[in-house]
Amino acid sequence: MLSESNISVKAYVNNSPVIGPMRPSDWEPVRAVYLEGIATGIATFETYAPLWEAWNSSHLPFARLVARLGDLVAGWAALSPVSQRCVYGGVAEVSVYVSQTQRRTGIGRQLLEALISESERNGIWTLQAGMFPENAGSLALHQRLGVREVGRRERIGKLNGVWRDTILLERRSSLVGIE
C-alpha cells in the first residue's frame, strides 16, 4: 500500500479542494458521500454502503483518494480489480463520488485526473467504468478526460427489481503497458 507521501497531493486556492490519500479514519464521511450517490438511483447497483472492512477488501490498496474542503470530505475516488486472473492485473474499475452539495464544481474532474495519474503510477494500463445511461454528468466527465464509450450492456443487472442497462467505458493508458 502506498504511504501518504507517495501520493501527489494537489492543493488548490480560493476554497478549492485538496486531493489527497484516503485514510481509514475517512471512512464515515466517505461512506456518507457514497450513500448520497446511492440515493440518486443512477450512480450504482449498490443499495447500501458496506462497512469499512468489506469496502477495504474489495478495492485496490492504492489510488484511494479524497477531496477535502477543510475538514469536509467533498468527494472520493478509488479503484477495484475487475478480475482475480493475473492477465487482468493492470485493469481496474473506477469509482468517483462527489457530495451532493459539491457536484458541478470541478471536484469530480480533479478526483478523476488524480485517479488516472495514480493508476498509471501503479501499473494500471486500462481503467473501465460501467454507468447508467441516465448519469449524464458522470458520462460526460469521463469522456472529457479521454475515457471512451465501448458499448451498452443491455439488462446487465437489476436495481430494486428493475432490469438496467449500463454504458461500458474504458481508458487505455498511453504510458503503461505500451510495450
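Quantities reported herein were computed from a predicted structural model and do not represent experimental measurements.
Put simply, Val30 and Leu35 are part of the same group of oily side chains (I, L, V, M, F, W, Y) that touch within less than 4.5 Å, one to the next. Met131 and Leu111 are members of different hydrophobic clusters when ILVMFWY side chains are connected at heavy-atom separations under 4.5 Å.
For the atom pair NZ of Lys158 and CZ of Phe45, the computed distance is 11.5 Å after rounding to the nearest 0.5 Å. Between atom CG of residue Leu115 and atom CZ of residue Arg64 there is a gap of 12.0 Å, rounded to the nearest 0.5 Å. Interatomic distance, Phe62 CZ to Leu79 CG, rounded to the nearest 0.5 Å: 6.0 Å. The distance from atom OG of Ser95 to atom CG of Leu65, rounded to the nearest 0.5 Å, is 11.5 Å. In this structure, the separation between CD on Glu53 and OG on Ser58 is 11.5 Å, given to the nearest 0.5 Å. To the nearest 0.5 angstrom, Leu60 atom CG is 9.0 Å from Asn122 atom CG.
A cation-pi arrangement, defined by a distance under 6.0 Å to the six-membered ring centre and an angle within 45 degrees of its axis, is present between Arg164 and Phe132.
Taking a 6.0 Å sphere around OH of Tyr88, one finds it holds 12 or fewer heavy atoms contributed by other residues, nucleotides or ligands. Heavy-atom contacts from other residues, nucleotides or ligands closer than 6.0 Å to CD of Glu28 number more than 12.
In this pair, Tyr97 and Trp76 present their aromatic rings parallel. The plane angle is below 30°, not in the 30 to 60° band.
Between the side chain of Ser117 and the main chain of Ala114, no donor-acceptor pair closer than 3.5 Å is present.
By the 4.5 Å heavy-atom criterion applied to side chains, Leu145 and Glu113 are counted as neighbours. Contact annotation: the side chain of Ile107 approaches that of Thr105 to within less than 4.5 Å [non-hydrogen atoms, C-beta and beyond].
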Would Glu120 and Ser173 satisfy side-chain hydrogen bond (donor to acceptor under 3.5 Å, both in side chains), going step by step from the backbone distance to the final call?
CA-CA 7 Å; Glu120 290 177 329; Ser173 174; 2.6 Å; yes
Should Arg171 and Arg148 be marked as a side chain to side chain contact (heavy atoms under 4.5 Å, CB included) after you check the CA-CA gap, both sets of side-chain angles, and the distance that decides it?
CA-CA 6 Å; Arg171 179 188 183 276; Arg148 70 181 182 91; over 6 Å; no
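Here the rule is side chain to side chain contact (heavy atoms under 4.5 Å, CB included) with Trp52, and of Pro24, Ser25, Ser57 only Pro24 fits it. With respect to Val94, the side chain to side chain contact (heavy atoms under 4.5 Å, CB included) criterion is satisfied by exactly one of Ile124, Leu169, Leu112, Val147: Leu112.
With respect to Arg68 and Asp26, a salt bridge is recorded, a charged nitrogen being found less than 4.0 Å from a carboxylate O. A salt bridge does not link Arg31 to Glu36: none of the charged side-chain nitrogens sits closer than 4.0 Å to a carboxylate oxygen.
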